[in-house]
Amino acid sequence: MIFERLKQKKDRAEKIMDLEQQYKIIEFKDLGDERGNLVVIEGDGRDIPFDIKRVFYIYGSDPQVIRGQHANRETEFLLVNVSGTSKVRIDNGRESRIIALNRPRMGLYLSPMVWKDMYEFSADSVLLVLANRHYDGAEYIRDYQDYLTELRKAEGHIDE
Ligand code: TYD
């Protein structure tokens with residue numbers, strides 16, 4: 001009985017991820033020369049861990065706007081402010097961090113099930129997003145309480 005409980009505790013601990021393991025800041029190389037800068041992002045493990053299936057970009061958001069406010073069950077993302085700046089607040093239900101996207105060679109990789117808010121867009125902000133999956137509204141969690149509930153279920157704290 002005691003061993004069973006200890007095993008359950010260990011299984012739960014293994015499912016709980018540190019936020020540190022769920023994001024990565026990547027510095028891309030500049031292949032530029034006297035003609036200007038050139039930054040290349042190749043998928044499939046070359047520059048970023050995933051194969052790129054979707055690209056979108058966000059611009060013209062006012063500084064007071066908060067975008068995102070969701071987690072994705074399946075999708076991995078790579079965010080780059082190719083122009084201007086913005087901030088991303090990432091959260092895994094236990095820890096949160098604010099990351100400033102402030103240079104065109106900096107990429108923020110996010111694994112699935114990270115809650116994210118994007119905000120403080122500069123007037124010239126162009127936020128480029130690469131994703132490993134096509135858009136599917138059903139894999140978005142847009143309610144923070146639902147997000148927490150799903151995390152706790154996955155961690156085995158709540159019985160179905
Ligand atoms: P939304 O997820 O609210 O954008 P953000 O994460 O920047 O806050 O998306 C806005 C609308 O665009 C919403 O109706 C879904 C749609 N959409 C797509 O159809 N495909 C996509 O790849 C994305 C990101 C959004």
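Keep in mind the model is a prediction, meaning the values are calculated, not measured. In listed order, ligands and their atoms are each counted from 1.
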| said: Please tell me whether D91 and Y144 have a donor and an acceptor in their side chains that are separated by less than 3.5 angstrom. | reply: yes

Contact set, ligand 1, heavy-atom distance under 4.0 Å, ordered by chain/number, equals R54, F56, I58, R67, G68, H70, Y135, Y140, R142

Taking only distance into account, with no hydrogens and no angle test, what donor-acceptor pairs under 3.5 Å do side-chain atoms of residues 124-139 form with protein atoms, sequence neighbours excluded?
from, atom 1, to, atom 2, distance (Å)
D124, OD1, S122, OG, 2.6
S125, OG, N81, ND2, 2.9
N132, OD1, E76, N, 2.8
N132, ND2, E76, OE2, 3.0
D136, OD1, A138, N, 3.0
E139, OE1, R73, N, 3.3
E139, OE1, E74, N, 2.8
E139, OE1, T75, N, 3.2
E139, OE1, T75, OG1, 3.2
E139, OE2, N72, ND2, 2.9
E139, OE2, T75, OG1, 2.5

OH (Y147) and CE (M113) are apart, to the nearest 0.5 Å, by 5.5 Å

Smallest heavy-atom separation, F77 atom then R54 atom, equals CE2-NH2, 4.0 Å

Here the pair of heavy atoms bringing L151 nearest to N92 is CD1-O, 3.2 Å

Here the gap from I26 atom CD1 to I48 atom CD1, rounded to the nearest 0.5 Å, amounts to 7.0 Å

